[in-house]
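In what follows, a structure is listed as structure tokens, so that the remarks can point back to it.
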Amino acid sequence: MKDISCKLLVIGAGPGGYVCAIRAGQLGIDTVIVEEKRPGGTCLNVGCIPSKAVIHAADEFHIATKMAAGQSPLGITASAPAIDLKKTIAWKDGIVGRLTSGVSGLLKKAKVKTVEGRAKFRDGETVEVETETGMQSIRAEHIVIATGSLPVELPNLPFGDKVLSSTEALALTKLPEKIAVIGAGYIGLELGTAFAKLGAHVTIVETLDRILPLYDAELVRPVAKRLGELGIDILLSAKAKGMSGTGALLVEVADGSEQKIEADAILVTVGRKPATEGFGREELVLDMDGKFIRIDPQCRTSMRGIFAIGDVTGEPMLAHRAMAQGEMVAEIVAGHNRSFDKVAIAAVCFTDPEIVSVGLSPDQAKAAGREIRSAQFPFTANGRAMSMADETGFVRVVARADNHLMLGIQAVGHGVSELSAAFGLALEMGARLEDIAGTIHAHPTQGEALQEAALRVLGRELHC
Ligand code: FAD
């Protein structure tokens, strides 16, 4: 097979890698991307998109179930709803298929060459790819490592049989009656909530003494309440120890005693680890930052010509961070003067209700030595929330006390993920409380709660 020589080689076609390659191609850079599975990476194939599709299906089914039980506040009734999970999963797979072939099309359009197979470094400038038709050698001036992340396995509960990672959980075509979820981070809670809404009995086991430890208690409270309403059992300060002979999950609970939890499926969502092994990374002299690859603000590693982006480079392990890094690296390779200087990266939990956090929470701002002004505006006073029959939650703003510069915006509530764009824009543009308060927000929308929260800090709230 003829060796390939190119200016830019990207390893991994997840959101980080494919965006980098597309942008590089658009900029006229001779680019090759190598992917061992399917374009789109974790996010499109087994992460962001499929999970949100399953969550949406579960929400719809849950609403129909409530209607059938005569619990719809809107006065809608329905007869016993049913769900054909095989069809749901086929629908979800259809969306994944459309998106991943869309990525392939965009790569082609940008004149990026795709090589299918697993890449392995031979040295700092050459990569070998085991393709179906033999070994392909690729030499590049610049190489971007965008190999992503993998689910963390528990040694006492290895994946297989009924112990599932999020990947297998998103492909279930038959709903297990009883599901134990280990880990109350966002992936565990999103999927646990969806399975409960589909009709499974869900138990969540978490070693810490709280759920969603990355978010403050005020934001998490409405989520915890809804989990209770859905009949989800939560065991905090509890450690999964393994499986009993009969297949029950053994859990050491807070008082040190052992509980047996009967489960048809055990979903392990205890985090994700960067994919840094098995492709020759170990043989390169790349500095590490713990388990992640160390990068500078331009995503350069400690080796000349080698960049790293996405989950392999650290927290927050989120698709939109990977994409932003990928776009930036392509421009740097094209000679543009770029650096990763974002004010904030929004984090969203697609739980029920949803949580959005951009920038600093009040506690984080205080811990950073800031004097702040902060206020919340509740959705109970927001007409749009009322008209959607879900008034849970609030929008909260955090600003500097002296000049009112926005430091953070958070929200919890139905559908608030869509507010993340406005929150992110406000922070990135350096908005002040007065800018948000002085912007006309369309009525009736949940976004009005952002304006009202800003007005409230200024002592001028109108609707509360
Ligand atoms: P990845 O998407 O992991 O892609 C890496 C690619 O590299 C893979 O396709 C892999 O096959 C390939 N690869 C690895 N090694 C090699 C090699 N040696 N040769 C060739 N190819 C290789 N993030 C969000 O922002 N929002 C969400 O709502 C969200 N929900 C999620 C839900 C779930 C269930 C999961 C699991 C994740 C979720 N994430 C979410 C996280 C998100 O998926 C990741 O942050 C994102 O995919 C990281 O992108 P990446 O490009 O760094 O890596």
Side-chain angles (χ1 to χ4, degrees), residues 9-21 32-56 92 96 100 103 114-121 127-131 136 138 143-152 164-171 181 183 185-192 194 267-282 292-293 295 299 307-327 329 345-351 354-356 417 420:
L9 168 64
V10 182
I11 305 176
Y18 83 71
V19 165
C20 183
V32 175
I33 191 164
V34 186
E35 172 55 55
E36 66 174 326
K37 293 180 189 150
R38 290 209 296 173
T42 304
C43 178
L44 265 50
N45 290 288
V46 293
C48 327
I49 299 295
S51 62
K52 271 75 235 181
V54 169
I55 289 167
H56 178 67
K92 179 265 295 179
V96 170
T100 55
V103 167
T114 300
V115 176
E116 286 171 26
R118 184 162 175 80
K120 207 168 172 198
F121 278 98
V127 157
E128 281 173 344
V129 187
E130 273 179 53
T131 71
Q136 172 73 68
I138 309 171
I143 299 179
V144 177
I145 302 174
T147 48
S149 62
L150 301 162
V152 171
L164 318 176
S165 76
S166 55
T167 300
E168 294 80 43
L170 288 166
V181 178
Y186 83 94
I187 296 179
L189 290 194
E190 286 183 8
L191 296 182
L267 170 57
V268 178
T269 51
V270 293
R272 295 185 60 84
K273 57 176 182 189
T276 53
E277 282 164 20
F279 60 95
R281 191 273 312 162
E282 301 90 323
F292 299 105
I293 297 175
I295 50 165
C299 289
F307 295 82
I309 57 173
D311 284 6
V312 86
T313 63
E315 297 288 355
M317 288 204 250
L318 293 171
H320 40 286
R321 170 176 173 267
M323 290 192 247
Q325 290 177 320
E327 184 259 353
V329 167
I345 301 171
V348 177
C349 285
F350 290 82
T351 40
E354 294 175 349
I355 298 178
V356 186
S417 53
S420 62

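Quick note: numbers below take in every heavy atom, side chains included, and nothing from hydrogens, waters or symmetry partners. We count ligands from 1, going down the list as the structure has it; atoms in each ligand are counted the same way.
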Give a yes or no on whether the backbone of Gly47 and the side-chain of Ser51 come within a donor-acceptor separation of less than 3.5 Å.
yes
With backbone taken as N, CA, C and O and side chain as the heavy atoms from C-beta onward, which portion of Val348 lies under 4.0 Å from ligand 1: side chain, backbone, both, or neither?
neither
I need the contact type for Pro39 against ligand 1. Using non-hydrogen atoms and a strict under-4.0 Å cut-off, is it side chain, backbone, both or neither?
neither
Which ligand 1 atoms does Arg118 reach within 4.0 Å, using its non-hydrogen atoms?
15 (N), 16 (C), 17 (C), 18 (N), 19 (N)
Hey, could you give me the OG1/CD1 distance between Thr313 and Ile295, rounded to the nearest 0.5 Å?
4.0 Å
Step by step, work out the side-chain contact (heavy atoms from CB on, under 4.5 Å) result for Tyr186 and Ile355.
CA-CA 10 Å; Tyr186 83 94; Ile355 298 178; over 6 Å; no
Around atom 10 (C) of ligand 1, find the nearest protein heavy atom and jot down its residue, atom name and distance.
Glu35 OE2, 3.4 Å
Can you find an N/O atom of Ser51 closer than 3.5 Å to an N/O atom of ligand 1?
no
Ala319 N/O under 3.5 Å from ligand 1 N/O
yes
Identify, by atom number and element, the atoms of ligand 1 in contact range of Lys52, meaning under 4.0 Å from any of its heavy atoms.
27 (C), 28 (O), 29 (C), 30 (N)
Report yes if some heavy atom in the side chain of Val312 is under 4.5 Å from a heavy atom in the side chain of Arg281; otherwise report no.
no
Evaluate the side-chain proximity of Tyr18 to Pro39: yes if any heavy-atom separation is below 4.5 Å, no if none is.
no
Could you list the atoms of ligand 1 found under 4.0 angstrom from a heavy atom of Phe279?
18 (N)
Consider every N or O of Glu190 and every N or O of ligand 1, then say whether any pair is closer than 3.5 Å.
no
If you measure from CG on Leu191 to CG on Leu164, what distance do you get to the nearest 0.5 Å?
10.5 Å
Please work out, at 4.0 Å between heavy atoms, whether the side chain, the backbone, both, or neither of Arg321 comes within that distance of ligand 1.
neither
Do Gly40 and ligand 1 have an N or O pair less than 3.5 Å apart?
no
Those atoms of ligand 1 less than 4.0 Å from some heavy atom in Met317
41 (C), 45 (O)
Looking at atom 44 (C) of ligand 1, what's its closest protein heavy atom, distance included?
Asp311 OD2, 3.3 Å
Has Gln325 got a side-chain atom pairing as donor or acceptor with Gly310's backbone, closer than 3.5 angstrom?
yes
When you measure from the side chain of Arg321 to the backbone N and O of Gly314, does any donor-acceptor pair fall under 3.5 Å?
yes
Would you say ligand 1 has an N or O under 3.5 Å from any N or O of Ser166?
no
Proximity to ligand 1 by part of Leu318, non-hydrogen separation under 4.0 Å
both
Nearest protein heavy-atom contact for atom 13 (N) of ligand 1: which residue, which atom, what distance?
Glu36 OE2, 3.8 Å
Per-atom contacts, ligand 1 versus Gly41 - under 4.0 Å to a heavy atom:
2 (O), 4 (O), 8 (C), 9 (O)
Can you name the atoms of ligand 1, numbered from 1 with element, that are less than 4.0 Å from a heavy atom of Ile11?
17 (C), 19 (N)
Between Lys92 (side chain only) and Leu170 (backbone N and O only), is there a donor and an acceptor less than 3.5 Å apart?
yes
Short N-O contact, Lys52 and Glu190, less than 4.0 angstrom
yes
Taking Arg118 for the side chain and Gly278 for the main chain, is one N or O donor matched with an acceptor at less than 3.5 Å?
yes
Just need the protein heavy atom nearest to atom 2 (O) of ligand 1, so name the residue and atom and give the distance.
Thr42 N, 2.9 Å
dist Cys299:SG -> Ile293:CD1 (nearest 0.5 Å) comes out at 11.0 Å
Quick check: Ala119 and ligand 1, any N/O pair under 3.5 Å apart?
yes
Starting from atom 4 (O) of ligand 1, which protein heavy atom do you reach first, and at what distance in Å?
Gly14 CA, 3.4 Å
Are any of the N/O atoms in Arg272 less than 3.5 Å from those in ligand 1?
no
Just to check, does Ser149 reach to within less than 4.0 Å of ligand 1 when the distance is taken from its heavy atoms?
yes
Atom 38 (C) of ligand 1 - nearest protein heavy atom and its distance:
Tyr186 OH, 3.2 Å
Validation row: Val34, Gln136 side chains within 4.5 angstrom (heavy atoms):
no
Can you pull out the closest protein heavy atom to atom 7 (O) of ligand 1? Residue, atom name and distance to 0.1 Å, please.
Gly12 CA, 3.2 Å
Which bit of Cys43 is near ligand 1, meaning a heavy atom under 4.0 Å away: side chain, backbone, both or neither?
both
Distance col, row Phe279:CZ vs Thr147:OG1, nearest 0.5 angstrom, shows 3.5 Å
So is there a nitrogen or oxygen of Gly16 less than 3.5 Å from a nitrogen or oxygen in ligand 1?
yes
Out of Ala346, Ala146, Gly280, the nearest non-hydrogen contact to atom 5 (C) of ligand 1 is supplied by Ala146
Nearest-neighbour protein heavy atom for atom 26 (N) of ligand 1, which is reported as residue plus atom name and distance:
Cys48 SG, 3.8 Å
Neighbour count above 12 (heavy atom, 6.0 Å) for Glu116 CD:
no
Roughly how far, to the nearest 0.5 Å, is the CG atom of Asp311 from the OG1 atom of Thr276?
12.0 Å
Inter-residue atom distance Thr269.OG1 - Leu189.CG, 0.5 Å rounding:
7.5 Å
Counting only heavy atoms not in Glu130, do more than 12 fall under 6.0 Å of its CD?
no
Proximal atoms of ligand 1 relative to Gly310 (non-hydrogen, under 4.0 Å)
52 (O)
Would you say Gly326 contacts ligand 1, with heavy atoms under 4.0 Å as the rule?
no
